[in-house]
Amino acid sequence: MTQLTGHSSALDFAQPEPVDMASGKYVKLWQGPQHPGITGNMSLELTLDGDTIIDCKTHVGYLHRGFEKLMERRSFIQNFTVVCRIAVPEPTFNEYLYSHAVEQLSGIKIPERAIWLRTMNLELMRLASFLMWIGGMSGAFGQYTVPNWTTAYRDFVLDLFEEMTGARIYHMYIVPGGVRAGLPDGFEKRARDIMDGAEKLLDQVERVMFNNAVFKARSKGLGIITPDMIDPYGIVGPNARACGVERDIRKDEPYLAYDQLNFETITGKDSDAYERAYLRLQETRQCISLIRQCLDKAPKDGPFQADMPNVLHWKIPAGETYVKAECTRGEYGYYMVTDGSEFVRRVHVRGPSYTHAIAVMERLAVGNNIADIAGLMVSLHTYPPEIER
Amino acid sequence: MKDMLQRLQRDFNISDITERQLRLTTFHVKKQSAETLLRELRDREGYTHLNFMTCIDYIEDDIFTLVYMLHNYDKKNTLGIHVNISRDDEAMISIHTLWAQAWTYQRELREMYGIRFPGSPRVDEDFCLEGWDQIPPMRREFDTKKFSEERFGHRAGRQSEQPRKHMKVELYPNRGGDEK
């Protein structure tokens, strides 16, 4: 494990000097908001010297729907339909954290079965999200076979979601007080079959993608994150673990059933695009193991919902909390303040992309070739909607 | 933890210390001491991770409460540092020299609440709202419904909840609802 030695005074926090565009030496190029090499609707304003990036600015706002503002005017249960839309490929983490924050402020304890079903739901979400990400990463480097495999296989995981929750994308399964339903008949067998298939698929992905000479040549050494950047930039999740920083909320501050699951925090050595990608591949495998463990250990019967007040007239005592979970990209958090009324006073959603896609991206992009910007961006695994909230 | 809080009480006059939950404590500090306190927590107490920075609008008391959430990975503790500033003189000392990501939060707070952070990089650039000419939208007095009605006009609701009837009457009145 890499030992962090606190803040490095040598680390340059300064913004780059403005580029003299009037000199005619440089070209300005916008990558996004509609571009296959961009993750979601955001754009990068790139200043180029030849084909080398000398300045990068991230622009967001193309998806701003004002969720945090909307939540201040809606009842606690109405907000539930809003939160899952904050990170489109991973709505479940929003459902869980919103529910968890509300439960914590109102003192609701959820049943044991709900704890396990929530854990399994979150890990299934992690698997679906990683499968989509592997496709994006591979596609960004010009390999179009792997995206077809993983995106198609993600649909089998979405089938499981459909069985479990009734929906493929916005599940609204984890609700305040527990979960909406137990597992349908035959779910366990189908889930195990899909996990077996996913494991075989990942072996093929490793052979085709990670042993590919072009992928290796282009991703190794690209966008290196050094340990002294981790705390100043607030880097979390696989981006931090890939440079040896052993931090995983599931392990460090276990929530739900993670303290009863057998797994180790996976770390890398040099956090470049290749290392980050390989670490995520290993975490995808780990995820399959966690889902199997959940299937083994989850109680087969018992209540899955706590007794709840009438949610149409639900008032939550005044208080403040910050709850967090380890999503595929690192620390995802909900800060909630209540004032005893039927409405939330303030919700702040902390997504890892906030820093990864702006401060970190702007720093790492400089000095790279324009052809590598898409790969660099996907290697940071960013979701714009969680920046704009 | 207790020793640290006592020392901070003595040195920085922190108040309203509340243990919100296991491993989360919040307290208030005066605006003038906030930057020094944050630096102290980061450099001496190991609170090296800025989880986020946000604001709560207490319009009834005419204050904004800025919240700095810091985490200590070794002790697994989180601190919520609250700083009250006046809604009229909405300025705060920038912490962009303490965390390399802080300027982004400050830029967002400038846009969403109108709080000024003198010296913070690119703080006056648009963040989410390009060309916004209204009051900062996260302030409590900004009425989203009124704004959308004025900007986009009133849209009448459906007369019928039956999609078939709605299609027939509203969208295809001349075709009898038949799309063929």
Side-chain angles (χ1 to χ4, degrees), chain A residues 4 6-7 11-16 57-66 68-70 72-73 104-105 229-236 245-247 249 252-253 319-324 331 333 335 337 339 345-351 354-360 362-363 387-389, chain B residues 18 20-24 26 39 42-44 46-58 60 65 67 69 71 73-74 76-80 82 96-105 107-108 111-112 120-122 125-130 132 137-140 142-145 148:
Chain A
L4 296 185
H7 277 248
L11 196 67
D12 183 15
F13 286 7
Q15 292 286 308
K57 282 182 180 167
T58 303
H59 293 273
V60 294
Y62 303 98
L63 277 171
H64 178 65
R65 289 158 285 178
E68 288 181 1
K69 179 79 178 177
L70 286 174
E72 293 175 8
R73 312 261 167 147
Q104 203 158 63
L105 288 169
M229 287 172 69
I230 301 296
D231 282 339
Y233 281 90
I235 299 168
V236 289
V245 178
E246 197 177 326
R247 287 176 183 169
I249 301 170
D252 301 338
E253 298 169 62
E320 176 180 339
T321 190
Y322 177 58
V323 292
K324 57 188 179 179
E331 177 192 340
Y335 172 69
V337 180
D339 53 13
R345 183 81 203 203
R346 179 83 173 94
V347 178
H348 177 88
V349 182
R350 191 255 186 234
Y354 197 89
T355 178
H356 293 167
I358 301 179
V360 178
E362 291 184 2
R363 181 185 161 122
I387 303 171
E388 307 169 8
R389 291 127 39 229
Chain B
T18 315
R20 300 283 178 182
Q21 66 192 58
L22 188 67
R23 297 175 183 153
L24 172 64
T26 63
R39 188 182 293 275
R42 186 195 72 169
D43 294 343
R44 286 191 56 190
Y47 287 85
T48 53
H49 177 53
L50 174 69
N51 298 82
F52 62 86
M53 184 181 161
T54 191
C55 176
I56 312 164
D57 184 358
Y58 290 104
E60 66 276 27
T65 299
V67 182
M69 198 64 75
H71 185 69
Y73 280 109
D74 297 325
K76 301 181 175 44
N77 260 329
T78 305
L79 292 179
H82 293 195
H96 69 277
T97 53
L98 300 184
W99 283 277
Q101 49 155 333
W103 64 270
T104 319
Y105 287 107
R107 193 173 144 202
E108 185 183 357
E111 182 173 86
M112 293 294 173
S120 184
R122 294 163 58 188
E125 283 182 23
D126 291 336
F127 185 66
C128 281
L129 310 170
E130 201 173 288
W132 184 254
M138 282 299 284
R139 284 177 172 239
R140 299 289 285 196
F142 179 74
D143 187 338
T144 45
K145 187 166 182 286
S148 64

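Keep in mind that the numbers below use all heavy atoms, side chains included, and drop hydrogens, waters and symmetry copies. Chain A is the first sequence line, chain B the second, and so forth, proteins listed ahead of strands; every chain is numbered from 1.
- The greatest number of non-hydrogen atom pairs below 4.5 Å with chain B, out of R350(A), E72(A), Q104(A), E388(A), is found for R350(A).
- For the atom pair E108(B) CD and R389(A) CZ, the distance stands at 4.0 Å (nearest 0.5 Å).
- Looking at every heavy atom in both residues, A100(B) comes nearest to A359(A) through O-CB, 3.8 Å.
- Contact of V337(A) with chain B is made through the side chain alone, with heavy-atom distances under 4.5 Å.
- Taking CG from D231(A) and CD from Q101(B), the interatomic distance works out to 9.5 Å, rounded to the nearest 0.5 Å.
- The closest donor-acceptor contact from the side chain of Y73(B) to the backbone of D252(A) lies at 3.5 Å or more, if one exists at all.
- Chain A forms more heavy-atom pairs under 4.5 Å with one residue of L129(B), N51(B), L50(B), L24(B) than with any other, namely N51(B).
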Let's go through K324(A) and M69(B) carefully: what are the C-alpha distance in whole Å and the side-chain angles of both, what is the deciding distance for side-chain contact (heavy atoms from CB on, under 4.5 Å) to 0.1 Å, and is it a yes or a no? CA-CA 12 Å; K324(A) 57 188 179 179; M69(B) 198 64 75; over 6 Å; no

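- R139(B) touches chain A through its backbone: at least one of N, CA, C or O sits under 4.5 Å from a heavy atom, while the side chain does not.
- Classification of E320(A) and R20(B) as a salt-bridged pair holds, one side-chain N sitting under 4.0 Å from a carboxylate O.
- Ranking V67(B), L22(B), D126(B), T78(B) against chain A, the residue ahead of the rest is V67(B), based on heavy-atom pairs under 4.5 Å.
- Separation of atoms CD (E253(A)) and NE2 (H71(B)) is listed at 4.5 Å; rounding is to 0.5 Å.
- Between I358(A) and Y105(B), every side-chain heavy-atom pair lies at or beyond the 4.5 Å cut-off.
- In this structure, a donor-acceptor pair under 3.5 Å is absent between the side chains of R73(A) and T144(B).
- With a threshold of 4.5 angstrom between heavy atoms, D74(B) does not approach chain A through any atom at all.
- If you measure heavy-atom distances from V360(A) to chain B, you find no contacts under 4.5 Å at all.
- Looking at R345(A), the atoms closer than 4.5 Å to chain B (heavy atoms on both sides) sit in the backbone and in the side chain alike.
- At least one side-chain heavy atom of Y335(A) sits under 4.5 Å from a side-chain heavy atom of I56(B).
- When only modelled atom types and interatomic distance are considered, E331(A) and H49(B) share a side-chain donor-acceptor pair under 3.5 Å.
- In this structure, the ring of F52(B) has its center less than 6.0 angstrom from the ring center of Y322(A).
- With a 4.5 angstrom heavy-atom cutoff, R140(B) touches chain A via backbone and side-chain atoms both.
- The shortest side-chain heavy-atom distance between E68(A) and M112(B) does not fall under the 4.5 Å cut-off.
- Using a 4.5 Å cut-off between heavy atoms, T26(B) touches chain A through its side chain atoms alone.
- With hydrogens and angles disregarded, a donor-acceptor distance shorter than 3.5 Å links the side chain of R346(A) to the backbone of C55(B).
- The environment of CD in E130(B) is sparse: at most 12 heavy-atom neighbours from other residues, nucleotides or ligands sit within 6.0 Å.
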